[in-house]
Every structure is written in structure tokens, then in C-alpha cells.
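Heads up: the structure comes next, in C-alpha cells.
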Amino acid sequence: MKPFFRLACAIIALGLSHHAMAGENPQHLFNLPPEAFQPNPKVPGQMIYLKPGTDLKQYHAVILEPLSFLERQNDGNWQLLVSAEKNKIDSLYRMSMETALRKEKIRVVTEPGPGVARLRLAVTGFQQDKPGLAVSDILPIKAAFNLARFATGTDPYLLKVSTMGQLEDSQEHTLLAGGVNLIENPGSKTRDEAITADLLKKMIKNWTAKNASQLAQALSPAN
């Protein structure tokens, strides 16, 4: 977790500050030391932060900021994610997140105010893992098929997506809480298959549902 966490903290400024309005001077998770974060025992792969003395129960509504993406140069995983797909993924994320929040009775608003938090999320990395050959894959009855499949590059890869998100007070722009996550696509892809909104659709739905549930437990949902 530590290498992933440090990398995310070092580069997230590009994603989160991109959508910060001039004059807001928002605080960011990447300014915090690693020891400020703790593993979430209820969510594997998540590191969380809560500003000391903060009572999130004061907040009952959320402003959703557009999903940010960290850009990488000459990286096969990222160069396939063209602008059009970024827009589709952002649209899908915000639609899914708003639906999930409303189900949890968290109001989604567009204007700052008392009891309103601003939610910023960013995709900080894509990683593709190729599962290793199982012992059964090299038994004589399967070897011819499986070894040929691996040789042609059509074997499945597991897509992992790292994200970082934070809550700010919508009026004072102070950092309230945040988290670093590593999520996995429940399906698989080939190495050269493009990363698209359709590929990530199920992952985004599951991710936003879990995020909304966490927020509902931390904030004050409407009765």
C-alpha cells in the first residue's frame, strides 16, 4: 500500500487542483504526511483521513465536482483513454454518484452554503495485471490451448484503478476528510483493449454505491 499511497499523494495535485476555482485556495490531501492516513478496516485497499476535531455530522448536502484524471505521457494504459471517453466516464460517474447519494438520502446541490461539503474525486492511475498460469492450465489436455492463448496476447488482464477523493467545506474551502482507494474491475480485458466508459461501467456503479454508503454513515442524511 505504501508505494501506491505515496505516488498518489505526490501527483494528485494535477487532478484536484485542475477544477479548483481561482481564489478558492483549497487544501489538498497531498499536503498531508502519510502518517495522517489510516487503513480503513471495513474497506480493503482504502486509506482514510479525518481532520482532527471535525464533526462530519454537521454536513447534510454535497456539491459534486467533475471527475479529474491524471495524465501520463506515452503510457499504453492512458493513451487509449481519449478525451471523448474521459467525458463519458465523468458523465457516467456523476450520474451514478448522484443517484447513489440520493438513495442514501444525501442531498446533491450546486451552491455552497452551511452544512454543504464539496466532493472532489480523481483517477490517479490505471494498472493492468496478468493473472499467472494455474497448474491446471499446463496439464496436457489444456496446454495446447492455453499456451497458444498466452502467446497471442489475448489472455485476460485484470484492470485496477487507483483514485483519491476529498471532502471540503463549501464555504471555507477547508479540508475535512479524504481517502485513497484501489478498486478492481470485476471483469477482465485484453492488454491492448481500450479503456472505455463501457468497460468501466460496472466498476463505477459499484464504486459510487460504496462511496455514497460511506458518506451516508459519516454525514447527516435527510430524514
Side-chain angles (χ1 to χ4, degrees), residues 1-21 24-68 70 93-94 96-98 100-109 111-125 161-184 204 206-223:
M1 177 60 67
K2 286 186 177 180
F4 155 70
F5 170 72
R6 288 172 180 167
L7 174 62
C9 286
I11 60 184
I12 193 60
L14 295 177
L16 293 180
S17 63
H18 176 71
H19 290 291
M21 294 177 63
E24 283 187 0
N25 190 28
Q27 299 173 338
H28 295 298
L29 290 182
F30 64 84
N31 289 325
L32 301 176
E35 55 268 24
F37 292 78
Q38 299 294 328
N40 187 343
K42 298 181 180 180
V43 183
Q46 184 182 68
M47 301 288 288
I48 54 177
Y49 164 79
L50 177 65
K51 181 181 178 182
T54 296
D55 179 11
L56 292 179
K57 293 297 183 182
Q58 299 178 48
Y59 297 88
H60 54 78
V62 169
I63 296 173
L64 286 180
E65 291 291 334
L67 186 65
S68 299
L70 172 73
Y93 154 73
R94 283 200 274 177
S96 181
M97 191 66 180
E98 183 167 348
L101 287 169
R102 292 191 189 282
K103 285 183 179 179
E104 297 288 348
K105 300 187 183 303
I106 298 293
R107 291 176 56 218
V108 178
V109 299
E111 297 294 332
V116 178
R118 190 182 302 274
L119 178 62
R120 301 184 193 274
L121 284 100
V123 173
T124 61
V161 181
S162 55
T163 67
M164 182 177 275
Q166 66 181 51
L167 278 177
E168 307 161 12
D169 184 277
S170 66
Q171 293 180 302
E172 299 179 1
H173 314 298
T174 53
L175 176 63
L176 303 172
V180 180
N181 303 273
L182 184 62
I183 54 179
E184 295 183 351
I204 291 172
N206 292 340
W207 175 45
T208 53
K210 290 177 181 178
N211 281 354
S213 177
Q214 278 189 273
L215 284 171
Q217 293 174 37
L219 307 182
S220 293
N223 294 325

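Quick note: numbers below take in every heavy atom, side chains included, and nothing from hydrogens, waters or symmetry partners.
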When you look at T174 and L176, which way does the side chain to side chain contact (heavy atoms under 4.5 Å, CB included) test go after all the steps? CA-CA 6 Å; T174 53; L176 303 172; 4.2 Å; yes
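- Checking side-chain atoms of S220 against main-chain N and O of Q58 turns up no donor-acceptor pair under 3.5 Å.
- If you take CD on Q171 and CZ on R118, they are separated by 10.5 Å, rounding to the nearest 0.5 Å.
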Assess whether side chain to side chain contact (heavy atoms under 4.5 Å, CB included) is satisfied between N40 and K42, documenting all intermediate values. CA-CA 5 Å; N40 187 343; K42 298 181 180 180; 3.5 Å; yes
Evaluate the side chain to side chain contact (heavy atoms under 4.5 Å, CB included) criterion for residues L121 and Y93: first the C-alpha distance (whole Å), next the side-chain angles of each, then the deciding distance (0.1 Å), finally the verdict. CA-CA 10 Å; L121 284 100; Y93 154 73; 2.8 Å; yes
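- The distance from atom OG1 of T163 to atom CH2 of W207, rounded to the nearest 0.5 Å, is 5.0 Å.
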Y49 and L175: CA distance, side-chain angles, deciding distance, side chain to side chain contact (heavy atoms under 4.5 Å, CB included) verdict: CA-CA 10 Å; Y49 164 79; L175 176 63; 4.0 Å; yes
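- Salt-bridge check for E98 with R102: passed, with a basic side-chain N closer than 4.0 Å to an acidic carboxylate O.
- Considering all non-hydrogen atoms of both residues, P112 and I63 come closest at N-CD1, 3.7 Å.
- For the atom pair NE2 (H173) and CD (E168), the distance works out to 8.5 Å, reported to the nearest 0.5 Å.
- Taking the side chain as every heavy atom from C-beta outward, I183 and K210 never approach each other to under 4.5 Å.
- For the residue pair L64 and R94, the shortest heavy atom distance occurs at CD1-O, 4.0 Å.
- For the pair E35 and Q38, the tightest heavy-atom approach, listed with the atom from each and the gap, is O-NE2, 3.7 Å.
- Residues A100 and A209 approach most closely at CB-CA, 4.1 Å, considering heavy atoms.
- Not one N or O on the side chain of T124 forms a donor-acceptor pair closer than 3.5 Å with the backbone of M164.
- Here the straight-line distance linking atom CD1 of I106 with atom NE2 of H60 works out to 10.0 Å at 0.5 Å rounding.
- Distance check, rounded to the nearest 0.5 Å: CD of Q46 to CG of L182 gives 11.0 Å.
- Taking both residues in full, the closest heavy atoms of I204 and S96 are given as O-OG, 4.0 Å, listed atom of the first, atom of the second, then distance.
- Taking 4.5 Å as the limit, every side-chain heavy atom of D169 sits out of range of all side-chain heavy atoms of K51.
- Atoms CG and CD, from L56 and Q217 in turn, are 12.0 Å apart once rounded to the nearest 0.5 Å.
- The closest side-chain heavy-atom distance from N211 to L119 is not below 4.5 Å.
- When the side-chain contact (heavy atoms from CB on, under 4.5 Å) test is applied to E184, the partners found at least two apart in sequence or on another chain are L158, K160.
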